[in-house]
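Keep in mind that the numbers below use all heavy atoms, side chains included, and drop hydrogens, waters and symmetry copies.
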Amino acid sequence: RAELLSAGDWVHAPFPSGSGTVPCDPDLAWIYGLYLAKGHATVNGGRLGRVCAVHFNMHIREAKTHLARAKRILDAHVGQEGHIYLRPKHHTSTLTYTGRNLAELWKAMFGHGAHSKFVPEEFHAFSVEAKRAVVQGWLDGDGHMSKRTGWVSGVSVSPALAWGMYLLAAAAGLEPFIADRGSSNRQVRYEVSLTQGQDVRWVKGERFLRVCHRHHGLVAVPVYDLEVEGEHSYVVNGVGVHNSTESGNTWLQEELKAQNPPGQWLLFAHDRRGVT
């Protein structure tokens, strides 16, 4: 429980495993990240030409950099030539690929609309290099650097997308930090930053974070005891947690019954941490 943690303790910060089991070229992985930041698919019409297509929209100054690179990669990948359109009056540029199959595929892969985009589950089985490329593509599209901290951050209104990028970055060893940010229109934004100086330790490929401080919340909310098969462990906001103490004691008793000869166990009271 939270009251059993103190500053200086370490907590497990797990991420999906399986790196390298799904092959993906890092250049294409970068494209996927850029699409999650600046792309959308139109199916059955739309304002941009009213055709089924995949679009990347960026500032006009990025037409010769990010969009030109994306075009070189995707021309070879999709087997057709994309087109870059410049709109000087609006300071925008767009890379477009037409085709119903392509548009429907990418819309299904990544979701549609800023609030509904997500990182596909199979991306967590990419190689470390490909995971880094996805994160870099997203930051190239939606990233900025803080003048105060020097951290590079990306912002999304989709919690699924933000947490997906956080987990990819964590698995790739980029040391991310995620936080909720408000805005003028009261819309929650999620900011993922690649930080420097976090107190992080890696043990046998698993990531641990040191507790900085603990505070008591003033909001009372219902708490539900969830249970799954096997280990009664969960991931909550990026941190590994376990079930209630009572369930833990039940598990321990079952473990002791299986020992031969029988073992022993002891509960003791700690003056600061309660029953352990």
Side-chain angles (χ1 to χ4, degrees), residues 22-120 122-123 126-127 129-145 152-158 160-162 164-165 168-169 172 189-192 194:
V22 174
C24 182
D25 179 75
D27 282 338
L28 185 59
W30 178 82
I31 289 286
Y32 290 152
L34 190 69
Y35 179 84
L36 285 166
K38 293 298 184 181
H40 73 279
T42 56
V43 179
N44 293 329
R47 290 181 295 175
L48 293 178
R50 294 187 177 181
V51 295
C52 296
V54 170
H55 311 279
F56 296 78
N57 300 319
M58 303 193 76
H59 194 278
I60 195 169
R61 65 172 175 264
E62 295 171 308
K64 294 183 178 180
T65 55
H66 295 325
L67 287 189
R69 179 189 175 190
K71 183 179 182 304
R72 289 194 301 271
I73 298 169
L74 274 182
D75 281 359
H77 177 69
V78 303
Q80 65 165 292
E81 184 177 357
H83 298 278
I84 296 178
Y85 302 94
L86 304 180
R87 297 177 178 82
K89 288 185 178 180
H90 301 284
H91 306 288
T92 62
S93 58
T94 302
L95 170 62
T96 297
Y97 289 85
T98 59
R100 176 177 294 275
N101 290 341
L102 182 65
E104 289 180 343
L105 174 63
W106 284 47
K107 187 175 181 180
M109 281 180 61
F110 302 107
H112 184 68
H115 290 82
S116 302
K117 281 185 176 179
F118 57 88
V119 173
E122 59 267 26
F123 281 24
F126 283 177
S127 67
E129 185 181 10
K131 288 176 181 177
R132 284 176 174 256
V134 174
V135 175
Q136 187 61 56
W138 181 63
L139 292 175
D140 285 342
D142 269 345
H144 65 277
M145 178 178 288
V152 177
S153 304
V155 177
S156 175
V157 294
S158 166
L161 176 55
M165 287 296 171
L168 286 178
R189 300 177 303 154
Y190 302 87
E191 183 176 49
V192 180
L194 304 185

For this session: Could you walk me through whether T96 and H55 pass side chain to side chain donor-acceptor pair (under 3.5 Å), step by step?
Result: CA-CA 5 Å; T96 297; H55 311 279; 3.0 Å; yes
Exercise. Run the side-chain contact (heavy atoms from CB on, under 4.5 Å) check on L86 and I84 step by step: do they pass?
Worked result: CA-CA 7 Å; L86 304 180; I84 296 178; 4.1 Å; yes
Exercise. Going through the distances and angles, do D142 and V155 end up as a side-chain contact (heavy atoms from CB on, under 4.5 Å)?
Worked result: CA-CA 7 Å; D142 269 345; V155 177; over 6 Å; no
For this session: Show your working on side-chain contact (heavy atoms from CB on, under 4.5 Å) between M109 and L105 and close with a plain yes or no.
Result: CA-CA 6 Å; M109 281 180 61; L105 174 63; 4.0 Å; yes
For this session: Applying side-chain contact (heavy atoms from CB on, under 4.5 Å), run through L139 and L194 and close with a yes or a no.
Result: CA-CA 10 Å; L139 292 175; L194 304 185; 3.6 Å; yes
Exercise. Would T92 and H59 satisfy side chain to side chain donor-acceptor pair (under 3.5 Å), going step by step from the backbone distance to the final call?
Worked result: CA-CA 4 Å; T92 62; H59 194 278; over 6 Å; no
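With N57 contributing its side chain and G39 its backbone, the two residues share no donor-acceptor pair below 3.5 Å. Within the 3.5 Å criterion, the main-chain N or O of V157 finds no donor-acceptor partner in the side chain of R189. Remark: the backbone N or O of T98 is paired with a side-chain donor or acceptor of Q80 at under 3.5 angstrom. A donor-acceptor pair under 3.5 Å is formed between the side chain of T65 and the backbone N or O of E62.
A salt bridge links K71 to E81: at least one charged side-chain nitrogen sits closer than 4.0 Å to a carboxylate oxygen.
Rounding to the nearest 0.5 angstrom, the gap separating the CZ atom in R69 from the CG atom in L34 is 9.0 Å. Here S158 contributes atom OG and H115 contributes atom NE2; the two are 8.5 Å apart, rounded to the nearest 0.5 Å. We find the CG-CG distance between L161 and L36 to be 5.5 Å, quoted to the nearest 0.5 Å. The CZ atom of F126 sits 4.0 Å away from atom SG of C24, with the distance rounded to the nearest 0.5 Å. T42 contributes atom OG1, which lies 8.5 Å from atom NE2 of H112 (distance to the nearest 0.5 angstrom). The distance from the CZ atom of R87 to the CD1 atom of I60 is 10.0 Å, given to the nearest 0.5 Å.
Counting non-hydrogen atoms of other residues, nucleotides and ligands closer than 6.0 Å to CD of E122 gives a total above 12.
Geometrically, K117 engages Y35 in a cation-pi contact, judged by NZ or CZ lying under 6.0 Å from the ring centre and within 45° of the ring axis.
None of W138, W106, F118 except one satisfies the ring pair (Phe, Tyr, Trp, His ring centres under 6.0 Å) rule with Y32; the exception is W106.
Smallest separation of non-hydrogen atoms from A103 and V54: CA-CG2, 3.8 Å. Nearest heavy-atom pair across A29 and A130 is CB-O, 3.5 Å.
Remark: aromatic rings of Y97 and F56 are distant, center separation not under 6.0 Å.
Within the 4.5 Å cutoff, side-chain heavy atoms of D140 are placed close to those of W30. Annotation: side chain of L74 is in contact with side chain of I31 (closest heavy-atom distance under 4.5 Å). Contact of the D27 side chain with the R72 side chain is not registered, since no non-hydrogen atoms from C-beta on lie closer than 4.5 Å.
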